[in-house]
S.K.: 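Here you go, one structure.
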Amino acid sequence: MRLYNSLTRTREELPPAPGPIRMYVCGSTVYQRIHVGNSRPFVLAMWVKRWLESQGYVVRLVHNITDVDDHVYEEAAKQGIDSRVLADRATAWFFEDTNDLGLGRPDVEPRASETIPEIIALVRELIGRELAYESQGDVYFRVARFGEYGRLSGAQLEDMIAQEPSELKEDQRDFALWKSQKAHEDAAWDSPWGLGRPGWHIECSAMAEKYLGPDFELHGGGNDLRFPHHENELAQSLGAGRPFARVWMHNGMLQLDAEKMSKSLGNVVTLRNVLDVWGREALLLFHLSGHWRQPVDFNDEVMAQAAAQAESLRNAFRSPGAPGREEEFRAFEKALNDDFNTPQALAVLHEWRREQKVGLMRRGLEVFGLASLAVPDTAPSDVQRLAHERQAARDARQFAQADELRDQIEAAGWEVRDATGGFELVPRPG
RNA sequence: GGCGCCGUGGCCGAGUGGUUAGGCAGAGGCCUGCAAAGCCUCGUACAGCGGUUCGAGUCCGCUCGGCGCCUCCA
């Protein structure tokens, strides 16, 4: 299995099975329903986990929930509710929506608010190493003192400008590890520097170490996190003497009208909405259709194409098929083991579909959480009765009556298809 | 301005030097009482211009166009 590593800009071989593969993936900030764009790193992480496990690896996936953040305070204030209440509510939405993807859960889903002691310990360590300094209740990371700063993003320190300008910083390029409590912030934690809360980046360094140890194999997240978030994570952990992540996977952004879907631009479609309108299978097929590193456009047309694909795959399981030979699975493995090339793997699935090798199909689809496509449909008894009546009419060559019964079946939401030696009932799409 | 990515047939989208990617849509046909599903056939695709090479979508250069990051963002 090899994967493209953003840090080294090459494809790198993963250690052989059983690994272990320790993975950390940056999750969402919870203050509203997540959008479809947010589903991409989650889906990718779960697929990689499921695939590696099916290949005999031992995988531990940590996916964090950022529940302490400026946005949480702001949104809570706007709604006039307690910020912890909002964070808990949005966390519940997050679980609800991602559960409906039907991919299972990461092994650990820690929250920033539950990792405060570890965060404080790490900040103290960085201060001890003179890589960080306290300034009126805030603590900042001393960027210029960390020689490798810029390695991940490829940026030169000299080209960098301020990150959140502040009078309290020695150098405007420094970033916050700890922020003192502000007047409008209704939740704060005690620390050696007074009441406050963690900066955004430090939580990931702390949580990754807490649940995976000082070094691990894979780190994922959206491409937009490469700088400053991941650059800062790397600086904090490397600065504190941890080896940290070896391979960095940055997924491409979802685009809406050729523009990145993001909360700040306001051009978002919630995951909830997509699940309700198109269903999980079409959404997963949509994610499958583009390589994880490429940006992908999200719109009704591509979703309709994904839905059509789901239907065509499902049809394969509605007629008799063959298991397929074990060695034929190699083509599927080859695609996924080469930088997790899901469009290629999808092409292999379609090849099997044409050949009616449903055994192989089922095995491949299972990896992507799409085994549901193989589940047979069961029509309600009244629809089945109508279908039997229609069959009898057909056998008696009373086609007008048969067609009328077909109309009734369709009105009930089912489609009847004549097959050799009988009929099939399938739900009408939409 | 700095760093990086991308431009493939109506649409989506793989493919890092040499035999058809694949899917969706469309056309024709087979099958069917009629359908549906399925199957068969059909598209001189690689932004443009140079260059390297026996040979380039695939390497190099330039041009045009698009996107991301450099500030919160998956």
Side-chain angles (χ1 to χ4, degrees), chain A residues 6 9 11 25-29 34-45 63 66 69-71 74 150 152-156 158-165 173 175 200 220-231 250-255 258-265 268 271 285-286 288-291 293-297 299 301-316 318-319 335 338-339 341-351 353-354 356 393-395 397-400 402-403 406 410 415-420 423-426 428:
Chain A
S6 306
R9 283 147 233 245
R11 292 179 200 199
V25 174
C26 288
S28 307
T29 303
I34 61 166
H35 58 73
V36 238
N38 293 311
S39 74
R40 202 160 192 223
F42 183 90
V43 168
L44 176 66
H63 185 262
T66 299
D69 178 90
D70 288 340
H71 293 292
E74 282 164 24
L152 181 61
S153 56
Q156 298 299 113
E158 306 81 67
D159 299 329
M160 290 180 193
I161 52 167
Q163 299 188 36
E164 287 191 291
R173 297 170 300 191
F175 60 89
W200 175 35
N223 195 236
D224 55 351
L225 296 183
R226 197 158 164 169
F227 190 91
H229 185 59
H230 288 161
E231 189 72 63
H250 287 110
N251 63 269
M253 298 289 100
L254 233 69
Q255 317 258 129
E259 223 179 19
K260 175 184 152 190
M261 182 181 294
S262 78
K263 292 177 222 176
S264 49
L265 290 172
V268 299
L271 173 57
L285 257 326
F286 161 75
L288 217 45
S289 74
H291 186 96
R293 276 193 282 126
Q294 299 311 129
V296 282
D297 274 302
N299 54 54
E301 192 176 359
V302 297
M303 284 308 295
Q305 292 184 6
Q309 265 193 84
E311 193 55 23
S312 111
L313 291 166
R314 201 194 305 279
N315 279 331
R318 288 172 171 151
S319 25
D338 183 13
D339 202 23
N341 192 333
T342 57
Q344 187 62 51
L346 186 57
V348 173
L349 285 170
H350 277 289
E351 191 180 317
R353 175 185 60 78
R354 283 192 303 279
Q356 277 296 312
R394 282 189 72 225
D395 290 344
R397 302 196 64 77
Q398 299 196 326
F399 298 121
D403 289 348
R406 176 160 58 197
E410 285 183 4
E415 177 181 298
V416 63
R417 296 175 182 170
D418 296 326
T420 44
F423 60 84
E424 291 177 288
L425 282 166
V426 304
R428 299 183 72 202

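Source: prediction; values computed, not measured. Proteins get letters first, then strands, A, B, ... in listed order; numbering begins at 1 in each.
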S.K.: Taking the side chain as C-beta and beyond, is there a heavy-atom pair between A:Cys26 and A:His230 under 4.5 Å?
M.R.: yes
S.K.: If you define the side chain from C-beta out and look only at heavy atoms, does anything of A:Gln344 sit under 4.5 Å from A:Asp338?
M.R.: no
S.K.: Rounded to whole angstrom, note down the P distance from B:C39 over to B:A45.
M.R.: 25 Å
S.K.: Under 4.0 Å between any heavy atoms, over every strand shown, what does A:Gln294 touch: base, sugar-phosphate, or nothing? Just pick one.
M.R.: sugar-phosphate
S.K.: Using atom CZ of A:Arg173 as one end and atom P of B:U71 as the other, report the distance to the nearest whole Å.
M.R.: 12 Å
S.K.: In whole angstroms, how far is the P atom of B:U16 from the NE2 atom of A:His291?
M.R.: 11 Å
S.K.: How far does the C1' atom of B:U8 sit from the matching atom of B:G15, given to the nearest Å?
M.R.: 10 Å
S.K.: Under 4.0 Å, heavy atoms only, any strand: does A:Thr29 hit a base, just the sugar-phosphate, or nothing?
M.R.: sugar-phosphate
S.K.: To the nearest angstrom, how far is A:Asp69 atom CG from B:A74 atom C1'?
M.R.: 13 Å
S.K.: Counting any heavy atom closer than 4.0 Å, what does A:Gly252 reach on the DNA or RNA strands: base, sugar-phosphate only, or nothing?
M.R.: base
S.K.: Suppose you measure atom P in B:U58 against the same atom in B:G48; what distance do you get, rounded to whole Å?
M.R.: 10 Å
S.K.: When you check the phosphate oxygens OP1 and OP2 of B:C69, does a side-chain N or O of A:Lys260 lie under 4.0 Å from one of them?
M.R.: yes
S.K.: Starting from the 5' end of RNA chain B, give me the residue, A:Ser39 or A:Pro295, whose nearest nucleotide shows up first.
M.R.: A:Pro295
S.K.: Report which part of the nucleic acid A:Asp403 touches: base, sugar-phosphate, or nothing (heavy-atom distance under 4.0 Å, all strands).
M.R.: base
S.K.: Can you find a donor-acceptor pair, distance only, under 3.5 Å between A:Arg417 side chain and B:A35 base?
M.R.: no
S.K.: Within less than 4.0 Å of OP1 or OP2 of B:A74, is there a side-chain N or O belonging to A:Asn223?
M.R.: no
S.K.: Would you classify A:Leu285 as touching base, sugar-phosphate or nothing, given that sugar-phosphate means primed atoms plus P, OP1 and OP2, and contacts are heavy atoms under 4.0 Å?
M.R.: nothing
S.K.: Going by heavy atoms in the side chains, are A:Leu254 and A:Phe286 under 4.5 Å from each other?
M.R.: yes
S.K.: For atom C1', what is the distance between B:C11 and B:G26, given to the nearest Å?
M.R.: 11 Å
S.K.: To the nearest Å, give me how far apart CD (A:Gln255) and P (B:C12) are.
M.R.: 12 Å
S.K.: If I pick the P atom on B:C69 and the same atom on B:A56, what distance separates them, to the nearest angstrom?
M.R.: 38 Å
S.K.: Is there a donor-acceptor contact under 3.5 Å linking the side chains of A:His250 and A:Ser6?
M.R.: yes
S.K.: Rounded to the nearest Å, what distance is computed from the CD atom of residue A:Glu415 to the P atom of nucleotide B:G38?
M.R.: 10 Å
S.K.: Between A:Ala155 and A:His71, name the one whose nearest nucleotide on RNA chain B is closer to the 5' end.
M.R.: A:Ala155
S.K.: Looking at B:G38, B:U71, B:A74, which one has an atom nearest to any side-chain atom of A:Asn315?
M.R.: B:G38
S.K.: Within the structure provided, determine whether A:Asn251 and A:Met253 are in side-chain contact (heavy-atom separation under 4.5 Å).
M.R.: yes
S.K.: Picking from B:C34, B:C72, B:A74, which would you name as closest to the side chain of A:Asn251?
M.R.: B:A74
S.K.: Classify A:Arg9 by what it touches in the nucleic acid, base, sugar-phosphate, or nothing, heavy-atom distance under 4.0 Å.
M.R.: sugar-phosphate
S.K.: Do side-chain atoms of A:Glu231 reach the backbone of A:Leu152 as a donor and acceptor pair under 3.5 angstrom?
M.R.: yes
S.K.: Rounded to whole angstroms, how far apart are CG on A:Asn341 and P on B:A14?
M.R.: 8 Å
S.K.: Is the backbone N or O of A:Val416 less than 3.5 Å from a side-chain atom of A:Arg406, with the two atoms forming a donor-acceptor pair by type?
M.R.: no
S.K.: Does any part of the side chain of A:Lys260, heavy atoms only, come nearer than 4.5 Å to the side chain of A:Pro295, both counted from C-beta?
M.R.: no
S.K.: In whole angstrom, what separates A:Leu152's CG from B:C70's C1'?
M.R.: 13 Å
S.K.: Over all strands shown, is A:Gly221 touching base, sugar-phosphate only, or nothing at heavy-atom distances under 4.0 angstrom?
M.R.: sugar-phosphate
S.K.: Report, as a single string ordered 5' to 3', how protein heavy atoms within less than 4.0 Å touch nucleotides 22-30 of chain B: B base, S sugar-phosphate only, - not at all.
M.R.: SBB------
S.K.: Using OP1 and OP2 only, check whether a side-chain N or O of A:Ser153 sits under 4.0 Å from B:C70.
M.R.: no
S.K.: If we only count heavy atoms from C-beta on, is the A:Gln305 to A:Gln309 side-chain gap below 4.5 Å?
M.R.: no
S.K.: Quantified in whole Å, what is the C1' atom distance between nucleotide B:G18 and nucleotide B:G57?
M.R.: 13 Å
S.K.: So, does the side chain of A:Asp418 form a donor-acceptor pair with the base of B:C34 at under 3.5 Å?
M.R.: yes
S.K.: With sequence neighbours left out, write down each residue that passes salt bridge (charged side-chain N to carboxylate O under 4.0 Å, His left out) with A:Arg318, or none if nothing qualifies.
M.R.: A:Glu311, A:Asp377
S.K.: Taking B:G68 as the reference, what is the distance to B:A74 when you measure between their C1' atoms (whole Å, please)?
M.R.: 13 Å
S.K.: Within the side chain of A:Thr342, is there an N or O that forms a donor-acceptor pair under 3.5 Å with the backbone of A:Leu288?
M.R.: yes
S.K.: In whole angstrom, what separates A:Phe286's CZ from B:G13's P?
M.R.: 8 Å
S.K.: Record whether the side chain of A:Arg293 comes under 3.5 Å of the base of B:C5 through a donor-acceptor pair of N or O atoms.
M.R.: no
S.K.: With a 4.5 Å limit on heavy-atom distance, are the side chains of A:Val36 and A:Met303 in contact?
M.R.: no
S.K.: Convert the base pairs of RNA chain B into dot-bracket notation, remembering that pairs crossing earlier ones are written with [ ] and that bases paired across to another strand are shown as |; include only Watson-Crick or G-U pairs under 3.5 Å.
M.R.: (((((((..(((.....[...))).(((((.......)))))....(((((..]....))))))))))))....
S.K.: Within the 4.0 Å heavy-atom criterion, would you say A:Phe399 contacts the bases, only the backbone, or no part of the nucleic acid?
M.R.: base
S.K.: Taking the same atom, C1', in B:C64 and in B:A27, what whole-Å distance lies between them?
M.R.: 35 Å
